[in-house]
Structure formats: C-alpha cells, structure tokens
Amino acid sequence: MTPKAFETRCLRLPAATKVVQWEGTSVFKVGGKMFALGGGFTASYMFKTADMAYAMLIEHGVARPAPYLARAKWVQLVSNNALPDAELTAYLAQAHALIVAKLTRKSRKALGLD
C-alpha cells in the first residue's frame, strides 16, 4: 500500500484526524488517541492490534513489535507491502475501533461515534 493510500484509508474512518509529529511522521488519531503511524521515523506502517492479531502477525513474520509501543500491542509491518491492501485496511479499521472503545462515552458522543 502506498503512503497516500494508507493516509486515505486512515482518514476515511469516522472522526479520524492526522497530525504530523516526530520528524515528519503522520500520526492518525481518533479522539486525540493514536491508532496508526506512517512515514517519518517509521520505516513502515505501525498500528494498534487486538491481542490475537498481535501474536498472529508477529508469528507469521508479517510484523514485529512496534518500537516503544509493543507493550500496548502495536505492530510495525516488516514492509509497507507486507499485507494485501484489503487486509491492511481491515487491520486499520480494527485499530480505530479498539481506540474508539477506550474513549469515554461523552467523547464518543461528541465525535458522533455513539
């Protein structure tokens, strides 16, 4: 997936925003909380995963624990083309949903997510 396609897929998710931080890294957030990273200091895409997806992606050699974020079950793909576009899109939607679930009810309602 190209960086532009990655950005487009992230920003299509409800209430998603993009900020550029940390040496030009595109940081995708919902409710002020990160769900995906791309570009800048990251060699490839990084995103939040569920516990099972975290283990599976690493076990199959598609991803490795994300630097500084592994304890929160984030992965870094071994390359930007490590997953088919459709699968990566599904993982991004899952990452978004995991973060939305942790937002307060008030925050979700303000963002139109409840």
Side-chain angles (χ1 to χ4, degrees):
M1 181 179 292
T2 67
K4 184 66 179 164
F6 182 81
E7 178 177 331
T8 300
R9 302 267 164 74
C10 288
L11 292 176
R12 279 186 189 160
L13 296 166
T17 59
K18 174 190 164 189
V19 296
V20 178
Q21 297 176 217
W22 310 309
E23 301 174 23
T25 301
S26 295
V27 180
F28 300 94
K29 299 181 178 188
V30 60
K33 308 275 187 199
M34 301 186 313
F35 68 91
L37 302 168
F41 80 91
T42 64
S44 55
Y45 306 134
M46 298 191 323
F47 51 91
K48 172 90 171 129
T49 61
D51 292 349
M52 187 180 290
Y54 180 83
M56 186 192 73
L57 289 168
I58 292 169
E59 183 178 310
H60 289 123
V62 175
R64 60 182 152 267
Y68 310 106
L69 298 168
R71 64 178 164 63
K73 301 296 187 217
W74 277 64
V75 294
Q76 180 177 28
L77 296 180
V78 295
S79 75
N80 289 349
N81 296 318
L83 289 171
D85 288 1
E87 280 187 50
L88 181 51
T89 300
Y91 280 116
L92 292 173
Q94 181 186 55
H96 179 270
L98 288 167
I99 299 303
V100 167
K102 291 185 178 201
L103 296 175
T104 64
R105 189 175 329 150
K106 183 178 178 180
S107 295
R108 288 193 308 268
K109 187 171 181 153
L111 294 168
L113 300 170
D114 228 3

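Taking every heavy atom of both residues into account, P14 and V30 meet most closely at O-CG2, 3.9 Å. The shortest heavy-atom contact between M34 and W74 is O-CZ2, 3.5 Å. Taking each heavy atom of V75 and Y54 in turn, the nearest pair found is CG1-CD1, 3.5 Å.
Transitive grouping of hydrophobic side chains (ILVMFWY, heavy atoms separated by less than 4.5 Å) keeps L11 and V20 in distinct clusters. Cluster membership check: L98 does not share its hydrophobic cluster with I58, using side-chain heavy-atom separations under 4.5 Å among Ile, Leu, Val, Met, Phe, Trp and Tyr.
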Would you mind writing out the side-chain donor-acceptor pairs for residues 78-85 within the sub-3.5 Å range, not counting sequence neighbours?
from, atom 1, to, atom 2, distance (Å)
S79, OG, N81, N, 3.3
S79, OG, A82, N, 3.3
N80, OD1, Y45, N, 3.3
N81, OD1, M1, N, 2.7
D85, OD1, M1, N, 3.4

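Using a 4.5 Å cut-off on side-chain heavy atoms (C-beta onward), K33 and K102 make no contact. A heavy-atom distance below 4.5 Å is not found between the side chains of V100 and L13.
Proximity of a side-chain donor or acceptor of R108 to a complementary backbone N or O of L103 within less than 3.5 Å is detected.
Close placement of the F6 and F28 rings is indicated, their centers lying within 6.0 Å of each other.
The structure places CG of L111 at 12.0 Å from NZ of K106, a figure rounded to the nearest 0.5 Å. From K29, atom NZ reaches atom CG of L37 across 9.5 Å, with rounding to the nearest 0.5 Å. The structure places CZ of F47 at 10.0 Å from SG of C10, a figure rounded to the nearest 0.5 Å. To the nearest 0.5 angstrom, H96 atom NE2 is 15.5 Å from R9 atom CZ. Rounding to the nearest 0.5 Å gives a distance of 7.5 Å between OG1 of T25 and CE of M46. Put simply, NZ on K109 and OG1 on T104 are 12.0 Å apart, with the number rounded to the nearest 0.5 Å.
With sequence neighbours excluded, no residue forms a side-chain contact (heavy atoms from CB on, under 4.5 Å) with R71.
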